[in-house]
Structure formats: C-alpha cells, structure tokens
**Q** 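Before anything else, here's the structure in question.
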Amino acid sequence: MDQTPYNPAELETRVQARWDQDKTYQATEDPGVEKFYCLSMLPYPSGALHMGHVRNYTIGDVISRYQRMLGKNVLQPMGWDAFGLPAENAAIKNNTVPARWTYANIEHMREQFQRLGFAYDWSREFATCTPEYYRWEQLMFTRLMKKGLAYRRNSEVNWDPVDQTVLANEQVVDGRGWRSGAVVERRSIPQWFLRITNYADELLSGLDDLEQWPEAVKTMQRNWIGRSEGAEFEMSVCDRQGVVQPGAATVGVFTTRPDTAFGMTYAVLAPEHPLVVEVTTEACKEQINAFVASARQTSEADRTSAEGSLEKRGVNTGAFLFNPFTGKPVPLYIADYVLMGYGTGAIMAVPGQDQRDWDFAKAHDLPIVRTVETPADFAGEAYTGDGVAINSDWLNGLGVAAAREKAMKWLEYKGIGERKVNFRLRDWGVSRQRYWGCPIPVIYCPVCGALPVPEDQLPVVLPEDVSFMGVQSPLKADPEWRKTQCPQCGGAAERETDTFDTFMESSWYFARYCSPGADAMVDERANYWLPVDQYVGGIEHAILHLMYFRFYHKLMRDAGMLKSDEPVTRLLCQGMVVAETFRRDAGDGSTTWINPADVEVERDDKGKMTGARLIADGKPVEIGSIEKMSKSRNNGVDPRDLVERYGADTVRLFSMFASPPDQSLEWSDSGVEGSFRFLRRLWFMVTDHIAAGPVEALDTGILTTEQKTIRRYTHDTIAKVSDDIGRRQTFNTAIAAVMELSNHLGRFVDRSAQGRAVLDEAWKAVVRLMAPITPHICATLWEMLGEQNSVVNTPWPEVDDAARVRDQITLVVQVNGKLRARVELAPGSDEELAMAAAMSEQNVTKYINGKTVRKVIYIPDRLLNIVAT
RNA sequence: GCCCAAGUGGUGGAAUUGGUAGACACGCUAUCUUGAGGGGGUAGUGACGGAAGUCGUGCCGGUUCGAGUCCGGCCUUGGGCACCA
C-alpha cells in the first residue's frame, strides 16, 4: 500500500503557517490560570545561528511546550541584545555602520528562529538598541544618580597609544592592541559606577533561597561576592629597632586571621598604596619606582594571574611597621599580588598560615613562624587548618576560632582595630568609551558639575546614521553632538559621550517582555509574569550577567516597579557547544580565524587530527584550541544546511539527544542521520497503524500477557519522560526512553482488536511525549490519528499506575559482590524466599561450596549479596 | 594564580538514593531484500581468553559486603576572573 512519505520541509512549513495564523503562542495575562514564564537568554545578533544557539533555544522551547501541555499559561518571548562591540568590528570590516549591520542580522536570525519552529510570542519582540527600549534604562540611571546609587570616580582602562582609543580586554592580545600592535598602556579616567556593593549582603543571602539554581552557579557567585569577616587594625611606621616616632604614619591592614598576627614576619602594600611614596627609603627608591611603574602598566587580571617568580613580583621598601602583637618591627614590602581595590590595599603577611605569603617569604628569604600547630602527618607548607595556637604568647593553647575571637577583642580593647566585613565584590563600572551602546544620560556643566539629563529630555538618542571609522566613537569625534545646555543654570554644557556597558540592557529585559508598549519601564503586568519560572542560558554567564541582573531586579523592586525579590526561580545552565578553531597569524600580529566549514582536516588512523588546510587555497592553517562556538573565533557551525536537509524537527531532536543539557558538547554532526531515521521510522509506524483502520475501545480487563506488557512499557515510558523533562531536565534520556518504547512497539505484531487498542494508546502517548521536542511531525501525526485539538494544546499523557504493576521482578544475586545469577521472583518477596531461589542456582552454590556464609545483604526486589569466606 | 565543572567502548552518551557498567544512538562487520540508493530488515560489536572466566569508568590511595557514584591527593580538558556577550 502506498504511504505518504515523511516530507519535513513541506510538513513543517504547513504546521508553522497554522501557528502563525492562529497566533498560537501569543500570551495574555490571565489571573485564573497558573502562569509559566520560560525565558532563554536573549541572543546577540551576530549574523547567523550556530549550534550553540539551537541547543539553547531548543531547551527553552521544549520546557515551554511541556509546561503548556501541563495546562499552564505560558509566556516565551524573544528579543535581541543588540548593542555591543562585534557590531563595531563588523562595521569597520564591511565598511558599513553598526546599526545597519545589526538590523540586517536581526532580520536574518529571526527567520532562522522561525524556521526552527520555536514557540515564541513574537508580538513582544524588541531590540535593545532602539530608543523605545533604552530610554527606560536612561531614566532608571538618572534616578539612581539622584539616589546616590550611581556615582563617578576614576578607574583604569586599556589605552592604545597609536589608535588613541580605549580597548576592551578582548582587544588586548599579549599586552598589545589587536589592530595597531602597540603596547597597551593603563590610563585612569573618570567613569560611572553602580553601587552593587550596597546589595552585597542581600545578593549573597538571596542565594540560599534559590533552591532550583545549580549549586555550581551559587558557589561561584558566593565566591565572587567573597564575603569575609575579619579585623582591620592600624600599624605604625617604625625604625629598624621598632621605635615609633610620635606622629608616625600608620597603615590599616585587613585580615581574616588576627589569631595568626604573632606569626607576621613582614607586611605588604599594594603598589598604588599612598604610603609607598612616603615610606620608601633613599636606598630602595629607584627599585621601588621602577616596580610601581611596571605594576601600573599591568592589568589586574595579569597581576593576579602572573606566573612569574614571586621574587620579581615584590620589592622591599626599606621601611618597617610595628607589630602591635609582638612589639617588634617587621619589614615592609610592596608586591603586585596585593590589590589596592580590596580591603585596605595592605596586608600583614603570615607565611606559616598562608601559602601565598609562604611562597613570597621563601622567594625573599624572609623568616617563617608557625602560629598553629600542624597535624603530625602534615606534609604541606603553609597550614590553614584548625589547630592549637603556638608561638603566640597569650593566645597559646587556644583553637583557631577561640584565638581569633580573643585577638579581635584585644584589638578592640586596645583601640587599634575593629571587626570588619569585607567583600571581594566591587562596584559595577558601567562606562564604555564606545559608540554602539546606550548613551549615558549625563550633562557636565562647568559651573554645576555632573547632572542627570532631565526626565522630559529623555531619551538621549544615539545617532545611527554616522560616519564610522572605528578608531574613535562618532559621539566623541563629533564636536556638535555633545553641545547642550545645563539643565540647572542654562549655561553651555556638554553631554557625556560614553555609553553603557551592554550588561545594562540584559539586566532588565526579562521585565520589559512582560510590559510591551508600557509608557514606563514596566507596568503591573510584570507582576503577573514575574519571577521567571525557568531561565535557560549558557554557563559562561554564571557570574557576571546572572549577578548583574539579580542586582538590577532588586533596584527595580526598590524603585517600586516589581514585587519579587529575585528575577528567576529555576535556572538551567546549558553547557557550551564547543568546536575546533583554525587560524592564520599574519606577520603584523593580527589573526584571522577560519570557519571549520572552510577547512579540510587531515587525520591519522586513530582519527586524531594531524593537520588542516584551507579549502580555498589548499594551504595549511594552524589548529587552535577547542573553544565555545563564537563570532570572535569564527568556529560556529551553521545549522542551516542541516535544517534544509533533514528539517527542523531532526535538528531539534539531535541537539537534545546528543548530550545532557548542562554538559559541554564537542560538535560533530555524525549522528544527525540517526535522529532523522528515528523520525522517519516513527512516521511510517504511526501511519501504518492509522492505515489499518478504526480502533476499538481498550478493555484492560481482557488483555493478553503480551498486550499487558506493551501497556506496561507505555506507562513506564510516560512516567520516565515526564520525570526526565519536568524534574531532571535530561532530555537525552527522555528521547532514549521513547526510542526504546518505539522499538518495542515496532516488534509488537498483534492485529487483534485489543492489540490494536493497546497500540493506539501507545502511539498517542508517543506523539504527545515527543511533541515538545519535535512539534511539527507530532502536530501532523496527532491530526492524522483523528484528534481534533492541536497537539500543542493537548494535555500531557497521564500515567496509569495499574498498567505498571509487575507480577515478577528480576533479582540480582551476587557472591562476594560479583554477579553470579539473576532469579525471577514475585515482587516484595522476603529474604528467605530470595535466598532459597538463589541457592537453587548452580552458579551461586558453586562459589559458596566449601565456604562459610558470613553475611547476607538483601535489598528487596533488587539485589542479594552473599558474603562467604 | 584563584573560583567552578568535566573525564566511562572506535564515537555521542546511559547507569536518578552506594547495588546488574556500557541503556539509547552513531560507526563498523556479516547477512538478507530484483538493480541503484545518505533505502529497509536481521545478527554481532568494551578488552583479553578456546572456554570457564578474568580485567575494565583519567591516575594513585582510602572507606564499604559492594564504588563510575563517597573521602584524600594528583593529572588533563573546558568555563569564569569584573571592557566579548
């Protein structure tokens, strides 16, 4: 009999047209229905989708569709994180302007998303680079200024002295500007900051309530906030003998371990510390000046990550500080591993109890005094564990906690120190000296100073039609744009020409989706949808984005806009899709990254890569490391070809089947074929079933053993898939379970009335179980199965527990932990029965004969382990 | 350097609470299907061994009747480190 072939291109177009026509995914607020807000991190419109996008957005789509089938009112929006550096780079390269490039990319990517059949409410779409969006961000900022939550101070940037421009960290390669090749300098310029540190405690304690966030993310955030309790105390400059002159300079140091202060054998200042100039002795001056100058030119990341010998990373000032605990002087050093931005920029160094201090002391030949007794088997160097205080005068004999408390009290009593909580978290610098971003709404008046742009003058619109050469921001190059009037005195004033960090836009977009068209940042509708029930995005955002947007949510709450404390209830961080990188390094230091699709790879017998050539010219290219698919490394694999060849359902299915969502995935398209074959087999099996004609009602009372077994498989699978998608979010195992069931169903040949009824129940379950993952084929099959309601609105299949009851279970029998037999038993059998069954197996008794049974471990319905010696 | 993950057949991965290691796929081999095909079916596929069986989850050690799973130490790979997003 002729059958309709599986034609995904035709079928998917038809199903998608129907969704569009019915506005199936448009969400409206309905207080009578439980809501579910499912959000995937909004993409940067880089130009083309890569497999990382497909994976990310398919996960969100599967969850959305599943929740919808559970009967919830689901919102799944989509938009574009449209400001950012790549647009500027692309504009230079392609001789266009960032706006045009960005909007063209959005058009293209939207089409690709639609082709993949994601259930987005497109009516809420926006791009963050439009004034309709960023005006509210500007308004918020001016209010934060008035509240004192935004402030301006000097801060360092990477300065390219040739291009006369500020460089992003990414644009600095081995200390040189990526375009000019010039050695990058550090420059201190005034910039705007948001006081995220005011919220440090709440951002930290709030993590405890985020039960459905991955532990790894919470741990990273806790460490990032870095709350530490300790003491801050003053030390005075003294001479070699420990004599403190009246009026001598003092320096505050922060320590979490005041109990170890008797073991302080030196002290360290950050190179930028104001005291450095004051205390440096004549003999050390030259060395110190050179050291400070070089530290200034090194970025903080490089300073803390430098692997060079510690000997070179610090110098003696020649001065001494008076240790109030011992009454003795300690030498004062400066070292680049001490940062001015943390604590007081000065530390007491206790090499016996701190490994970094230990390494530094060894490198500089400084004494080491242990103040905590080490355990007998301790083989390390610095000891940071608990133990009894030694070499510590009046602290001797106390444990760490007690000694710390006593030392703290002593400092307070003496009036030289106090308890102090320090955070590693620093305020959020939001100024960028770039063009393609949201203009910072500030006016500088020579008389009145820095003022927020008045609300009735917002938005400050970023001109899009500019001549853009890339070296300098058109805002800064244009002498006219900045000219304005002071809102206070009316005199001539200038606008800020910096723009916001693009993390600003991605910090509140989730709320704006809930209030399309609102004449405010958000309106009451946001409180219907928020908090987001499920957020999906890459693990690379675990700290920065996810911290900033938690912070911003609290800012909006405190401005009375939102009622919830946290933006997101449940978070799924998907692993990255990684791929090989290929590149060519030009002689001038610049690098061209080559897409894997344009490269031919040579491999040895074991499949290991031995070389690679550019197909276009046949010449070798260099093989880089394996990295996440990204625009900057040009290693994204475009899903377009796969979609054209196999259809959206296959690509969606494979991206979910290839690995669990939170694991990183090294891309290879071998295996896509298997997903396509499964869908085609499904298509033919279901259409075969339909072609066999009408089905009688199921009567569970008259089923054969085989029919019962099929029903058990069916309902076991429904239970497993529901758990895998709903609770575990392991879509790969859900798919495997459906494949397994389909294999059973394909082998089940029973044309009797009840045989067909059992099959009908099973296929209808399969179609619904797969609908969130492969919605097009399932929508079509569902209709062909004679169902009126569209599968996207059909209730999720229910488990019939009665169908899952087994009359026999397989018990595993071990002897001394090794598998020796399997026996069939009635469920719930007791140990005696199990033992009897086991002992009737020759392969069991064989290993017990001549030995004494010492112990029997029995886990009912699972395992019996006989320990015999 | 610091913080967070991951490491299981030829490959992607499964094993959910410490209890049968390798589910489900890819690939490969054999075989069948009138020809062809990125078609379909069947069987096989961790290693060693004729077999019984032994070994086997990055490496070393430990806890346990029992460890891929827990603990200690290491190695490798990936992510983040505040201006890529």
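Because the structure is predicted, anything quoted here is derived from the model rather than measured. Every chain is numbered from 1, with letters handed out A, B, ... down the list of sequences.
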**Q** Please tabulate the protein-to-nucleotide N/O contacts below 3.5 Å involving nucleotides 42-48 of chain B, giving atom names and distances.
**A**
none

**Q** Do I848(A) and I866(A) make a side-chain contact, defined as non-hydrogen atoms from C-beta onward lying under 4.5 Å apart?
**A** yes
**Q** Could you pull out all residues at least two apart from V217(A) that satisfy side chain to side chain contact (heavy atoms under 4.5 Å, CB included)?
**A** W213(A), P214(A), Q221(A), I539(A), A542(A), L546(A), L571(A), C573(A)
**Q** For V738(A), which contact category applies under a 4.0 Å heavy-atom criterion: base, sugar-phosphate, or nothing?
**A**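 Answer is nothing: V738(A) stays at 4.0 Å or more from every strand.
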**Q** Kindly state which residues belonging to residues 501-509 of chain A come within less than 4.0 angstrom of RNA chain B, counting heavy atoms of the residue only, listed by number.
**A** T502(A), F503(A)
**Q** Please identify each residue that fulfils side chain to side chain contact (heavy atoms under 4.5 Å, CB included) with S228(A), with sequence neighbours left out.
**A** F254(A), T256(A), Y342(A), N422(A)
**Q** So what does L85(A) touch, heavy atoms closer than 4.0 Å: a base, only the sugar-phosphate, or nothing?
**A** sugar-phosphate
**Q** Under 4.0 Å, counting only non-hydrogen atoms across every strand here, what does P43(A) touch: a base, just sugar-phosphate, or nothing?
**A** nothing
**Q** Can you identify which nucleotide, out of A82(B), G79(B), G13(B), has its nearest atom closest to the R426(A) side chain?
**A** A82(B)
**Q** Which nucleotides of nucleotides 22-27 of chain B have their base under 4.0 Å from a protein heavy atom (B), which only their sugar-phosphate (S), and which neither (-), written as one string 5' to 3'?
**A** -BBSSS
**Q** Out of C83(B), G79(B), G13(B), which nucleotide sits closest to the side chain of E540(A)?
**A**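 Nearest to the side chain of E540(A) among the choices is G79(B).
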**Q** What's the CD-C1' distance between E170(A) and C84(B), to the nearest Å?
**A**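 Whole-Å distance recorded here is 4 Å.
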**Q** Identify whether the glycosidic angle of G9(B) places it syn (within 90° of 0) or anti.
**A**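 The base of G9(B) is oriented syn (glycosidic angle within 90° of 0).
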**Q** Does a side-chain N or O of N223(A) approach OP1 or OP2 of C4(B) to a distance below 4.0 Å, or not?
**A** yes
**Q** Just jot down the side chain to side chain contact (heavy atoms under 4.5 Å, CB included) partners of R728(A), sequence neighbours excluded, or say none.
**A** K720(A), D723(A), D724(A), T730(A), T733(A)
**Q** Please walk me through it: do S659(A) and R55(A) pass side-chain hydrogen bond (donor to acceptor under 3.5 Å, both in side chains)?
**A** CA-CA 10 Å; S659(A) 76; R55(A) 194 183 189 202; 2.8 Å; yes
**Q** More than 12 non-hydrogen atoms from neighbouring residues, nucleotides or ligands closer than 6.0 Å to CD on Q842(A), yes or no?
**A**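 Open: at most 12 neighbouring heavy atoms sit under 6.0 Å from CD of Q842(A).
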**Q** Would you mind classifying the nucleic acid contact of H545(A) as base, sugar-phosphate or nothing, using non-hydrogen atoms under 4.0 angstrom?
**A** nothing
**Q** Taking for each residue the nucleotide of RNA chain B with the nearest heavy atom, is it L819(A) or G84(A) whose nucleotide lies nearer the 5' end?
**A** L819(A)
**Q** Given that both pair distances must be under 3.5 Å and the pair must be Watson-Crick or G-U, what runs of three or more consecutive pairs involve RNA chain B?
**A** B:1-7 with B:75-81, B:10-12 with B:24-26, B:27-33 with B:39-45, B:46-48 with B:53-55, B:58-62 with B:70-74
**Q** Between atom NZ in K818(A) and atom P in U20(B), what is the gap in whole Å?
**A**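 The distance from NZ of K818(A) to P of U20(B) comes to 14 Å, rounded to the nearest Å.
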**Q** For S473(A) and Q433(A), test the side chains for any donor-to-acceptor distance below 3.5 angstrom and give the result as yes or no.
**A** no
**Q** Are D160(A) and R179(A) ion-paired here, with the side-chain N under 4.0 Å from a carboxylate O?
**A**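 The answer is no: the pair does not qualify as a salt bridge.
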**Q** Counting the atoms with a prime plus P, OP1 and OP2 as sugar-phosphate, which does W428(A) contact under 4.0 Å by heavy atoms, base, sugar-phosphate, or nothing?
**A** nothing
**Q** So, does the side chain of R727(A) form a donor-acceptor pair with the base of U16(B) at under 3.5 Å?
**A**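 Result: at least one qualifying N/O pair found.
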**Q** Over all strands shown, is N843(A) touching base, sugar-phosphate only, or nothing at heavy-atom distances under 4.0 angstrom?
**A**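 The residue N843(A) makes sugar-phosphate contact but no base contact.
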**Q** Is it the case that the side chains of Y646(A) and E673(A) hold a donor-acceptor pair, with the cut-off being a distance below 3.5 Å and no angle test?
**A** yes
**Q** Is the NZ or CZ atom of R820(A) positioned over Y847(A)'s six-membered ring, under 6.0 angstrom from the centre and within 45° of the axis?
**A**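 Cation-pi check for R820(A) and Y847(A): passes.
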**Q** Using only heavy-atom distances, decide whether a donor-acceptor pair under 3.5 angstrom links the side-chain of Q171(A) to the base of C83(B).
**A**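 By the distance-only test, no, there is no pair.
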**Q** Between C84(B), A85(B), A52(B), spot the one nearest the side chain of K846(A), thanks.
**A**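 Nearest to the side-chain atoms of K846(A), counting from C-beta on, is A52(B).
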**Q** Would you say U20(B) has OP1 or OP2 under 4.0 Å from some side-chain N or O of R822(A)?
**A** no
**Q** What about F549(A) and F510(A), are their ring centers closer than 6.0 Å?
**A**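 Under 6.0 Å, so yes.
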**Q** Mind checking what makes side chain to side chain contact (heavy atoms under 4.5 Å, CB included) contact with L544(A), not counting sequence neighbours?
**A**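 With sequence neighbours excluded, L544(A) shows a side chain to side chain contact (heavy atoms under 4.5 Å, CB included) to W224(A), F503(A), Y548(A), given in chain and number order.
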**Q** Please report, rounded to the nearest Å, how far the C1' atom of A82(B) is from the CG atom of L339(A).
**A** 12 Å
**Q** Could you list all N or O pairs between the protein and nucleotides 69-71 of chain B that sit under 3.5 Å apart?
**A**
none

**Q** Students often get this wrong, so: under 4.0 angstrom with heavy atoms, is A542(A) touching a base, only sugar-phosphate, or nothing?
**A**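 No contact at all - A542(A) keeps every heavy atom at 4.0 Å or more from the nucleic acid.
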**Q** Taking atom types as they are modelled, is there a donor-acceptor pair under 3.5 Å from the base of U16(B) to the side chain of K720(A)?
**A** yes
**Q** Check every strand shown and say whether R680(A) touches a base, only sugar-phosphate, or nothing at a heavy-atom separation below 4.0 Å.
**A**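 Answer is sugar-phosphate: R680(A) comes under 4.0 Å of backbone atoms only.
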**Q** Might you list the N or O atoms of the protein lying below 3.5 Å from N or O atoms in nucleotides 31-35 of chain B, with each pair's distance?
**A**
none

**Q** Could you tell me the separation between the CG atom of L42(A) and the P atom of A85(B), rounded to a whole number of Å?
**A**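 It is 12 Å, rounded to the nearest whole Å.
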**Q** Got a list of protein N/O to nucleotides 62-65 of chain B N/O distances below 3.5 Å?
**A**
unit_1, atom_1, unit_2, atom_2, d
C65(B), OP1, K855(A), NZ, 3.3
C65(B), O2, N865(A), ND2, 2.4

**Q** Report yes if the distance between the aromatic ring centroids of Y337(A) and F360(A) is under 6.0 Å, otherwise no.
**A**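 Under 6.0 Å, so yes.
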**Q** Give a yes-or-no answer on whether the side chains of T869(A) and R854(A) include a donor-acceptor pair shorter than 3.5 Å.
**A**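 There is such a pair (donor and acceptor under 3.5 Å, judged by atom type) between the side chains of T869(A) and R854(A).
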**Q** By a strict heavy-atom criterion of less than 4.0 Å, which residues belonging to residues 188-195 of chain A are in contact with RNA chain B?
**A**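 Those residues whose heavy atoms fall under 4.0 Å from RNA chain B, taken from residues 188-195 of chain A in numerical order, are Q191(A).
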**Q** Taking it one step at a time, do D498(A) and K476(A) satisfy salt bridge (Lys or Arg N to Asp or Glu O under 4.0 Å)?
**A** CA-CA 8 Å; D498(A) 282 359; K476(A) 295 180 190 298; 2.5 Å; yes
**Q** Heavy-atom count around R186(A) CZ within 6.0 Å, excluding the residue itself: above 12?
**A**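 More than 12 within 6.0 Å, yes.
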**Q** Which is true for Y847(A) with a 4.0 Å heavy-atom rule: it touches a base, it touches only sugar-phosphate, or it touches nothing?
**A** sugar-phosphate
